[in-house]
**Q** 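Sharing a structure, written as structure tokens. Questions coming.
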Amino acid sequence: EPAPLPLAGILLALAGAWLSACAYVSVRALGRSEHPLVIVFYFPLVGLLLTLPAVLLQPVWPTPLQILALVGVGLFTQLGQIGITKGLLGMPAGRATAMSYGQVPLAALWGWWFFREPLDPDTALAGVLVLAAIACYSMSLAPVTWVVISEIFPNRIRGAAMSVAVTALWIACFILTYSFPILNAKLGPSGTFWLYAGICVAGFAYIFVKLPETKGKSLEQIERELVD
């Protein structure tokens, strides 16, 4: 029997996801009035204030090599954050953050280069497949879901209906994440992902049959076609 997940861990995970979403949305909102470099500066400033008490409780002075590594981490993190910030200012948060999964092959490359971690063909193939899946998702369900939610409801109930739809979406995401370790323990990795593949096929068939085409149509046209 799989061990039950601790409630504190679940709450922390949900809080982390919610706070991350708030941060991404805040970056987009701040971009209307602040320069990207100013926005990027906020993150280490807040992080320093929050971590300083813990550091002072157990201070450790790094070696020169560790100082050099920390400077490199800080420099490249800031450069990456600037890129993500500019991306968030130019496109929806869902699409911009999905592209950050490009760090997967980069992490493998750096691990092979600096730490001599072996990069066998199976690992490389798995990385390519993961990136291909993310790319397909970023070009399909990731942006289209939010477009459909914002277009599909009549004007008179759009605000309330979008709230219900988004709430249902995140509840489903939570159920998916919570149930994965349970399914993995019962069905194994291959059985779990075959189940997910079947759900995707069923979802594709339902969307293909039921979801109307809205490209090039105004909100009023969409409403008339769906209501009439």
Side-chain angles (χ1 to χ4, degrees), residues 2 4-5 9-10 13-22 24-25 28 87-88 91-105 122 125-228:
L5 296 176
I10 295 173
L14 291 173
W18 181 74
L19 291 173
S20 297
C22 290
Y24 291 134
V25 174
R28 190 169 178 81
L88 287 169
M91 64 178 65
R95 293 181 63 185
T97 53
M99 293 180 181
S100 66
Y101 286 102
Q103 63 188 302
V104 174
D122 290 341
L125 177 61
V128 170
L129 292 176
V130 168
L131 289 177
I134 293 169
C136 293
Y137 177 73
S138 299
M139 294 184 292
S140 56
L141 283 178
V144 172
T145 298
W146 301 102
V147 173
V148 171
I149 288 176
S150 64
E151 290 182 344
I152 207 72
F153 299 110
N155 287 328
R156 65 182 182 278
I157 62 167
R158 179 166 291 129
M162 286 180 61
S163 300
V164 174
V166 172
T167 301
L169 177 63
W170 284 114
I171 290 174
C173 290
F174 169 76
I175 294 173
L176 171 67
T177 305
Y178 184 83
S179 63
F180 174 76
I182 301 173
L183 292 172
N184 192 47
K186 295 287 187 180
L187 305 177
S190 59
T192 302
F193 282 97
W194 274 115
L195 175 62
Y196 291 160
I199 294 173
C200 289
V201 170
F204 173 79
Y206 181 83
I207 291 172
F208 184 79
V209 173
K210 292 293 186 179
L211 186 65
E213 176 60 71
T214 61
K215 182 178 180 181
K217 299 178 181 178
S218 66
L219 295 177
E220 291 73 17
Q221 287 178 294
I222 298 171
E223 182 174 351
R224 282 197 302 269
E225 291 180 5
L226 293 176
V227 173
D228 294 343

**Q** With sequence neighbours left out, what residues match F193 under side-chain contact (heavy atoms from CB on, under 4.5 Å)?
**A** F180, Y196
**Q** Which value, rounded to the nearest 0.5 Å, describes the distance between F208 atom CZ and F204 atom CZ?
**A**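 Reported to 0.5 Å precision, the distance equals 6.0 Å.
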**Q** Nearest 0.5 Å, please: how far is CE in M162 from CD in E151?
**A**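 One finds 10.0 Å between CD of E151 and CE of M162.
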**Q** So, taking the atom named CD1 in I199 and the one named CG in L195, what distance separates them when rounded to the nearest 0.5 Å?
**A**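 Rounded to the nearest 0.5 Å, the CD1-CG separation comes to 4.5 Å.
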**Q** Roughly how far, to the nearest 0.5 Å, is OG of S163 from CD1 of I157?
**A**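 That separation rounds to 11.5 Å.
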**Q** For V128, give me all partners under side-chain contact (heavy atoms from CB on, under 4.5 Å), at least two apart in sequence or on another chain.
**A**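 Result, side-chain contact (heavy atoms from CB on, under 4.5 Å) vs V128: none returned.
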**Q** May I ask you to decide if L187's main-chain N or O and T192's side chain share a donor-acceptor pair within less than 3.5 Å?
**A** no
**Q** Mind checking the CD1-CG spacing from I171 to L176? Nearest 0.5 Å is all I need.
**A**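 Rounded to the nearest 0.5 Å, the CD1-CG separation comes to 13.5 Å.
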